[in-house]
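Below: one structure, written as structure tokens.
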Amino acid sequence: MTSSLLLIILMFMLPIYISFYLSSFVQNNWMESFLSFTSNSLHFQSDFLNDILFGDYGLLSLGIYSVVWALPVVIFISISTNIVSESHLKSYIVWSIDPIMTKVGLTGYDIVPVIEGFGCNSAAVLRANHDCSACSKSNCISLISFGSSCSYQIGATLSLFSVMNAPWLFMPYILIVFIGGIIHIKLWSPKSILPTHYFVLDKVRKPSIKAIWLQSMDTIKSFLVQALPIFFVICIIASLLSMTPILVYISNIFNIILQAINVPKEMSTGILFSMIRKDGMLLFNMNHGAILQSISLKSAFLLILFSSTFSACSVIITMIIKSFGWLEGIKIVGKQMVTATICFFITVLILNLL
């Protein structure tokens, strides 16, 4: 069990560590120079085009963060999880982690989609629908939605903490998010008797480099073809909305939260778009991170924590409703919002006492 827990930590901490330093190097040595050169070379007479490309939510001024910070995480976490899968170590993790999982209303088999959720929540929900028993499926999907930070979310938070010059905040952040997911299950899950599983332990083997490469390339292509264009669309929509009073009205929805942590109303856009896509939080990097850097570390940490846990992204919400039906699906989403708000205010109280 101890070996499996250490392996799970290694599976994600090592690729995240590598990704952070690679992204930091690219941002500090290439990205800033590229943005400066591009903004001076492509300055248009039209304010509309300048706002779309170089404004607070511009395609280049903000959209490039998704490439620099999310793509390395997608690549290295994908390679890491595929190595564990191809080497058959996954079956030993499932077997050894079962005693812990049953204490939170899950089984050892449920750890597989939960782990996969750290790469892609969508793939994890599909696996949960296929692999999890009827007794634990709802709990497993709830934990994925709340506690399994997908690679896009991890990339976004790494970017934000880097802009704040506090990358060390990622460790307490990811720990609080996962613990919050477990609390969420214990708070809402029905008391059910989990089935007894019989585990088949596959012989550990040397992983195939070709298989790892092909599976990783599928994930990377999915990010480049499906996820990245969506974030660029979000940048365009946010730029257009910033030209209207709509964002002012939107900010009123989250006024209580923003006032509680002394955060400007402009940041409400990032909360809204994080409900569409987790890397929508990158909108907090508006104005090259000037607003984010102007608030305290505590306020920024709480803002990122609330934004990333308040709701699953729109894709996962759709999949949850498809799996459980409209009524049950909306209940699951609503329960997460309640738990996230409770955890948020508890964290506020704890930090105020420190």
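Nothing here was measured: the structure is a model prediction, and the numbers come from that model.
- Both Leu158 and Leu283 are part of a single hydrophobic cluster, where members link through side-chain heavy atoms under 4.5 Å apart.
- Judged by distance alone, with hydrogens and angles left aside, the side-chain atoms of His184 form no donor-acceptor pair with the main-chain N or O of Thr339 at under 3.5 Å.
- Taken to the nearest 0.5 Å, the CZ atom of Phe310 stands 7.5 Å off from the CD1 atom of Ile257.
- Side chain of Ser23 to main chain of Phe20: no donor-acceptor pair is present (N/O by atom type, distance under 3.5 Å, no hydrogens or angles).
- Put simply, the side chain of Met267 reaches to within 4.5 Å of the side chain of Leu292, judged on heavy atoms.
- The hydrophobic cluster containing Ile179 also includes Leu175, Ile183, under a criterion of side-chain heavy atoms closer than 4.5 Å among ILVMFWY residues, counted directly or through chains of members.
- Contact detail for Ile291 and Glu266: the closest heavy-atom pair is CD1-CB, 4.4 Å.
- The distance from atom CD1 of Ile271 to atom CG of Leu303, rounded to the nearest 0.5 Å, is 5.5 Å.
- Rounding to the nearest 0.5 Å gives a distance of 11.0 Å between CD of Gln153 and CG of Leu282.
- From Leu297, atom CG reaches atom CZ of Phe161 across 9.5 Å, with rounding to the nearest 0.5 Å.
- Asn255 pairs by the side-chain hydrogen bond (donor to acceptor under 3.5 Å, both in side chains) definition with Asn252, not counting sequence neighbours.
- Interatomic distance, OG of Ser308 versus CD1 of Ile174, reported as 8.5 Å (0.5 Å rounding).
- Lys298 pairs by the side-chain hydrogen bond (donor to acceptor under 3.5 Å, both in side chains) definition with Asn352, not counting sequence neighbours.
- Screening residues 205-219 for salt bridge (charged side-chain N to carboxylate O under 4.0 Å, His left out) gives Glu86-Arg205 as the qualifying pairs, with residues at least two apart or on separate chains.
- With Ser299 contributing its side chain and Ile261 its backbone, the two residues share a donor-acceptor pair below 3.5 Å.
- Remark: Tyr92 engages no residue in a side-chain hydrogen bond (donor to acceptor under 3.5 Å, both in side chains) (not counting sequence neighbours).
- For an aromatic pair to be called close, the ring centres must be under 6.0 Å apart, and Tyr21 with Phe25 fails this.
- Between Ser268 and Leu258, some side-chain heavy-atom pair lies under the 4.5 Å cut-off.
- The CE atom of Met275 sits 4.5 Å away from atom OG of Ser311, with the distance rounded to the nearest 0.5 Å.
- Checking Ser4 against Ser96 by side-chain atom types alone, a donor-acceptor pair falls below 3.5 Å.
- Under the rule for a side-chain hydrogen bond (donor to acceptor under 3.5 Å, both in side chains), the partners of Gln336 that lie at least two apart in sequence or sit in another chain are Ser145.
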